[in-house]
Amino acid sequence: MKFALFVIRRRSNYQNGVGVRKLHEFTSVLDLKVLLKDMTKLKNLKQVSQIHSQMVMTNYMSLANINTLLLLYAKCGSIHHTLLLFETTPHASNNVVTWTTLITQLSHFNKPFQALTCFNRMRTIGIYPNQFTFSAILPACVHALLLSQGLQIHALIHKHGLESDTFLATTLVHMYAKCGSMYLAEKVFEEMPHRNLVSWNSIIVGFLKNNLFHRAIGAFREVLRKASFGLDQVSFSSVLSACAGLVELGFGKQVHGSIVKRGLVGLVYVKNSLMDMYCKCGLFEDAAKLFYTGGNKDVVTWNVIIMGCVHMQKFELACTYLQAMIKEGVEPDEASYSSLLHAFASIGALTHGTLIHGRALKTGHMRNTCVVSSLVTMYGKCGSMFDAYRVFRETKVHNVVCWTAMIAVFQQHGCANEAIELFEEMLREGVVPEYITFVPVLSACSHTGKVDDGFKYFNCMVNVHDIKPGLEHYACMVDLLGRGGRLEEAWRFIESMPIEPDSSVWGALLGACGKHGNVEMGIEVAERLFKLEPENPGNYVLLSNIYTRHGMLEEADEIRRLMGINGVRKETGCSWIDVRNVTFVFNANDRSHSRTREIYEMLQKLKELIKSRGYVAETQFATNSVEGSEEQSLWCHSEKLALAFGLLVLPPGSPIRIKKNLRTCGDCHTVMKFASEIFQREIIVRDINRFHRFLNGSCSCRDYW
DNA sequence: GTAGGGTTAG
């Protein structure tokens with residue numbers, strides 16, 4: 001082969017693929033084959049077209065050459081030309097290799113349904129698929145996530161007696177694992193007469209992707225013990241991902257040792273997985289050490305270190321790495337953008353997030369659905385619902401993640417009707433909802449008191465979409481019934497659950513007991529919660545508030561004592577506000593800020609103004625008294641301090657954005673409403689659960705949170 | 001002349 005290539009290069013003066021025009025000088029089929037093989041590296045549509053026309057002119061259109069051409073067109077990015085050539089070559093459809101090439105490439109181009117149609121067309125005209133065809137069609141089932149199709153293909157493989165083919169069985173394992181059926185994947189794997197490295201890697205990766213990390217590690221240990229072949233970078237990087245998933249540093253370090261022993265540490269994929277494992281186990285420094293030790297770095301290396309920063313909440317450092325990677329000429333990819341956006345979403349850094357948006361627009365990354373979904377979430381979590389919606393609408397094609405992101409943003413901002421309408425639009429578009437999609441939908445129903453609709457969607461999830469409800473869904477349903485005052489029904493609903501209810505489910509019921517003043521049920525529910533999560537101060541506070549509201553002050557005191565005995569402390573309220581890219585933090589009763597005097601003066605002024613408009617302090621929200629006055633303690637809440645500071649330093653008319661670590665209190669909520677009207681300001685408070693957008697004296701949550 | 005496995009979005 002090498003010799004033949006040498007001859008061609010000499011004869012055609014072939015250099016870097018420029019010698020194509022001398023094709024007519026070739027005389028043997030062998031020459032052409034070699035040239036075509038070499039051309040696969042070029043991936044240039046123009047050159048492939050030139051070869052194609054030369055072949056037509058010189059009568060070189062043998063079936064084998066046509067098949068190579070089909071492949072070449074696909075490899076240089078034009079599935080369109082592949083299809084065109086196929087359709088215009090009548091005798092091509094008699095050949096199984098031609099069909100297989102076509103099916104493989106359709107699958108590679110993420111056109112699984114066209115691939116399946118081709119497969120069926122081929123069988124209709126009486127062409128028998130071989131093992132290559134089967135391994136080409138299985139990835140199409142994976143792309144389309146069609147387990148049912150995969151099962152049918154499996155049956156055909158069985159019929160053709162090809163089940164024991166190692167290559168095919170491995171592809172089946174991969175297909176079942178990707179479609180979420182580890183039971184079937186394992187069954188095929190167990191029945192394989194021979195397993196090679198890729199077979200083992202496929203089962204390890206299968207466990208990994210289905211979050212069965214222990215099983216992934218188990219399979220890795222097993223193959224390490226009994227295989228006659230050596231493991232490769234895929235095996236090692238996969239087992240490291242499993243360690244990362246389990247935060248299993250001990251075994252991870254052992255794996256690191258054997259990687260070093262085998263001399264695999266220089267491989268960039270292995271290095272990336274190692275770094276990722278250390279980051280997820282909290283050893284950022286070890287990851288950074290690997291990052292700075294020479295060797296290759298690719299875009300993933302950068303992404304892993306950036307994600308590591310995000311994981312450690314080192315957001316500024318994450319930005320520094322992004323700038324550094326750009327400086328070194330590594331173009332950030334969708335994962336880089338997604339991780340940073342995720343970071344900015346969690347800290348509510350709107351300005352940083354907007355900068356990333358600008359960059360994504362310039363670099364063409366807005367075509368990527370991951371980036372778009374992260375942007376929608378970022379804007380949503382930073383309080384800019386309208387920007388989130390704009391990004392969503394400016395994107396033409398949405399996948400289910402994108403739809404879910406936008407539905408969740410509406411829900412968090414109190415626009416429950418919009419959330420439900422968007423969900424309905426998604427269904428009309430033919431997008432299939434997933435497990436997580438139903439969480440904001442059910443929550444939207446609960447926040448608008450749509451009990452019937454909530455049940456409609458819940459049943460539709462189970463019966464139409466075959467999704468097993470999880471704890472998140474059950475908690476929403478309990479919330480839905482509880483908010484509507486149907487406490488007994490909610491209790492019975494919990495009892496009918498096929499899975500063990502957790503604290504989120506009981507917590508929803510306790511909240512409802514508080515809202516509707518059911519002391520007896522409240523006590524019973526709280527007792528269960530104290531057992532489930534004795535360390536959560538929220539439950540004690542809720543029960544104590546129920547007692548206080550019913551005048552049972554002794555019992556309320558008893559609960560506070562219980563907190564002391566159990567060593568539970570109420571988390572201190574804490575609020576943040578960004579002013580010209582600097583974040584200011586306020587704790588409850590905070591007097592540490594340099595403008596403390598002005599802040600408290602502003603609050604005093606605000607209090608007088610709103611009192612004249614009928615405000616009465618809601619002292620039931622006062623959990624401790626300051627200077628003997630419960631009312632006074634209310635005016636030291638962190639969100640009020642942040643509000644006063646915002647009113648002082650932000651230009652009139654500009655919105656005030658506050659973030660809080662706990663649920664916002666009822667009294668603060670009332671004060672914010674008044675303030676938005678008096679100062680004609682938009683005030684956005686993001687608390688632990690949701691957004692409150694105050695405008696002209698009312699809140700987007702319609703006082704229902 | 002045709003095939004397989006590996007970090008990121010809700």
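- Remark: C1' of B:dG10 and NE2 of A:His413 are 14 Å apart, rounded to the nearest angstrom.
- For A:Ala335, counting side-chain heavy atoms from C-beta on, the closest listed nucleotide (B:dT2, B:dA9, B:dT8) is B:dT8.
- Using modelled atom types, one finds a donor on one side chain and an acceptor on the other under 3.5 Å when comparing A:Thr301 with A:Asp298.
- Heavy-atom contacts from other residues, nucleotides or ligands closer than 6.0 Å to NE2 of A:His194 number 12 or fewer.
- Closest contact between the side chain of A:Val205 and the listed nucleotides B:dG6, B:dG10, B:dG4 involves B:dG6.
- In the set B:dT7, B:dT2, B:dG6, B:dT7 carries the atom at the smallest distance from any side-chain atom of A:Met307.
- Going from atom CG of A:Leu197 over to atom C1' of B:dG6 covers 12 Å, rounded to whole Å.
- Using a 4.0 Å cut-off, some side-chain N or O of A:His342 falls inside it from OP1 or OP2 of B:dG10.
- Taking only side-chain atoms of A:Glu334, from C-beta outward, the nucleotide of B:dG4, B:dT8, B:dT2 with the closest atom is B:dT8.
- The side chain of A:Lys75 contributes no N or O atom lying less than 4.0 Å from OP1 or OP2 of B:dT2.
- Closest approach to the A:Ser241 side chain among B:dT7, B:dT2, B:dA9 is made by B:dT7 (side chain taken as heavy atoms from C-beta onward).
- Contacts of A:Ser273 with the nucleic acid, taken as non-hydrogen atoms under 4.0 Å apart, are absent.
- Base engagement by A:Asn196 is indicated by at least one non-hydrogen atom pair under 4.0 Å involving a base atom.
- Checking each of A:Val255, A:Val265, A:Leu267, A:Leu274 against A:Phe236 for a side-chain contact (heavy atoms from CB on, under 4.5 Å) leaves exactly one that passes, namely A:Val255.
- Closest approach of A:Ala177 to A:Gly206, counting heavy atoms only: CB-CA, 3.5 Å.
- A:His108 comes within 4.0 angstrom of the backbone, heavy atoms only, and of no base.
- Counting distance only, with no hydrogens placed and no angle test, the side-chain atoms of A:Asn399 and the base atoms of B:dA9 include a donor-acceptor pair under 3.5 Å.
- Whole-Å rounding puts the A:Ile204 CD1 to B:dT7 P distance at 12 Å.
- When each of B:dG4, B:dT7, B:dG10 is scored by its nearest atom to the side-chain atoms of A:Thr170, the top-ranked nucleotide is B:dG4.
- Counting any heavy atom pair closer than 4.0 Å across all strands shown, A:Leu208 reaches sugar-phosphate atoms only and no base atom.
- Rounded to an integer number of Å, the gap from A:Asp276 CG to B:dT7 C1' is 6 Å.
- OP1 or OP2 of B:dA3 lies within a sub-4.0 Å distance of a side-chain N or O belonging to A:Thr104.
- The 12-atom threshold is not exceeded at NE2 of A:His342, counting heavy atoms of other residues, nucleotides or ligands nearer than 6.0 Å.
- Classification of A:Glu87 and A:Arg121 as a salt-bridged pair holds, one side-chain N sitting under 4.0 Å from a carboxylate O.
- If you check B:dA3, B:dG4, B:dG10 against the side chain of A:Leu71, the one that comes closest is B:dA3.
- Counting heavy atoms of neighbouring residues, nucleotides and ligands inside a 6.0 Å radius, atom NZ of A:Lys381 does not exceed 12 of them.
- Summarising the local packing, OH of A:Tyr128 is surrounded by 12 or fewer heavy atoms from other residues, nucleotides or ligands at distances under 6.0 Å.
- If you take OH of A:Tyr269 and C1' of B:dT7, they are 6 Å apart, rounded to a whole angstrom.
- Side-chain atoms of A:Asp165 stay outside donor-acceptor range of the base of B:dG4, with no qualifying N/O pair under 3.5 Å.
- A:Gln131 has its CD atom 10 Å from the C1' atom of B:dT2, to the nearest Å.
- Within the 4.0 angstrom heavy-atom criterion, no nucleotide atom of any strand lies near A:Thr133.
- For A:His365 and B:dT8, the shortest distance from a side-chain N or O to OP1 or OP2 is not below 4.0 Å.
- A:Lys209 comes within 4.0 angstrom of sugar-phosphate atoms only, judged by non-hydrogen atoms across all strands, and of no base.
- Listed by residue number, the members of residues 401-412 of chain A with any heavy atom below 4.0 angstrom from DNA chain B are A:Val401, A:Thr404, A:Ala405.
- For B:dG4, the OP1/OP2 oxygens have no side-chain nitrogen or oxygen of A:Lys178 closer than 4.0 Å.
- Across all strands shown, A:Lys280 has no heavy atoms under 4.0 Å from either base or sugar-phosphate atoms.
- Comparing B:dT7, B:dA9, B:dG4 against the side chain of A:His174 picks out B:dG4 as the nearest.
- Applying the 3.5 Å distance criterion, the base of B:dA3 shares a donor-acceptor pair with the side chain of A:Ser135.
- Between A:Thr363 and A:Tyr337, the side chains place a donor N or O and an acceptor N or O closer than 3.5 Å (distance only, hydrogens not considered).
- When rounded to the nearest whole Å, the span between CD1 of A:Ile356 and P of B:dA9 equals 13 Å.
- If you measure from atom CG of A:Leu340 to atom P of B:dT8, you get 15 Å, rounded to the nearest angstrom.
- With A:Phe251 as the aromatic partner, A:Arg221 meets the cation-pi criteria of under 6.0 angstrom to the ring centre and within 45 degrees of the ring axis.
- Within the 4.0 angstrom heavy-atom criterion, no nucleotide atom of any strand lies near A:Asp333.
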